[in-house]
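Chain letters run A, B, ... following the sequence lines, proteins first and then strands; every chain starts at 1. Bear in mind that the values here come from a model prediction, so they are computed numbers and not experimental data.
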Amino acid sequence: GENVEQHPSTLSVQEGDSAVIKCTYSDSASNYFPWYKQELGKRPQLIIDIRSNVGEKKDQRIAVTLNKTAKHFSLHITETQPEDSAVYFCASREYGNKLVFGAGTILRVKS
Amino acid sequence: GAVVSQHPSWVICKSGTSVKIECRSLDFQATTMFWYRQFPKQSLMLMATSNEGSKATYEQGVEKDKFLINHASLTLSTLTVTSAHPEDSSFYICSASTGVNQPQHFGDGTRLSIL
């Protein structure tokens, strides 16, 4: 089955700097890659997603890039703010609409 | 749109008790619902996938007789943890989707604590 690896496990940045989180996946048939933000004790919230027919997608300060050949995708957050502090999960969708999640990245934005 | 309600949000009960968790899609019809378990500081692990009107498909290592899933309508799925023990304490989260290739929308989760 699908395997998703996520790095780094923790990331500290200064407010206003950029943050980049990277994920790799193993199943070349996977075609959908969402990113979720989860605050402590709360639901994962979809912040951006990308399908396999697109190389990049942007939504204000958030962007995702996908390299199908290398089987990796990345989340980019620019002009980080303290409220961006949370745990971020990448995921890959495999057969049957199942999502396989990465291990998560704890992002701390220091003001 | 795409609101998923999960109830209860927090349960504390004695060992041996069975606990039922409900997951409802409030403004859409969910042909597929997913149940995840999340231990502290860990990722979401899929337990089972349920399609309306059919038996749930469980992931490897998840006991189907321990975690009973019912998806009787397009807006409601339930997870019953039978004879719960302290090791079943976890954060249980459901998600719902309108179908294949559609995003999953998550409920608020249920924190289950077994004493």
Segment of [X] engaging chain A (4.5 angstrom heavy-atom cut-off):
X	value
B/Pro40	neither
B/Gln42	backbone
B/Phe106	both
B/Ile93	side chain
B/Thr49	side chain

| query | Looking at B/Pro103, B/Gly109, B/Gly107, which has the largest count of heavy-atom pairs under 4.5 Å with chain A? | reply | B/Gly107
| remark: Assert top hit (heavy-atom pairs under 4.5 Å, partner chain A, pool B/Gln102, B/Arg111, B/His105) equals B/Gln102
Segment of [X] engaging chain B (4.5 angstrom heavy-atom cut-off):
X	value
A/Tyr32	side chain
A/Pro34	neither
A/Leu99	both
A/Gln45	neither

Shared hydrophobic cluster, [X] / [Y] (ILVMFWY, side-chain heavy atoms < 4.5 Å):
X	Y	result
A/Ile106	A/Phe89	yes
B/Phe91	B/Val4	no
A/Leu66	A/Val20	no
B/Leu74	B/Leu76	no
A/Leu11	A/Leu75	yes

| task | For A/Asn97 and B/Ser97, test the side chains for any donor-to-acceptor distance below 3.5 angstrom and give the result as yes or no. | result | yes
| task | For B/Ser43 and A/Gly102, indicate whether the former's side chain and the latter's backbone hold a donor-acceptor pair under 3.5 Å. | result | yes
Would you find more than 12 non-hydrogen atoms of other residues, nucleotides or ligands less than 6.0 Å from [X] atom [atom1]?
X	atom1	result
B/Lys66	NZ	yes
A/Arg51	CZ	yes
A/Gln60	CD	no

| Between A/Gln6, A/Lys42, A/Arg93, which has the largest tally of heavy atom pairs under 4.5 Å with chain B? | A/Arg93
| Are B/Gln38 and A/Gln38 side-chain neighbours, meaning at least one heavy-atom pair lies under 4.5 Å? | yes
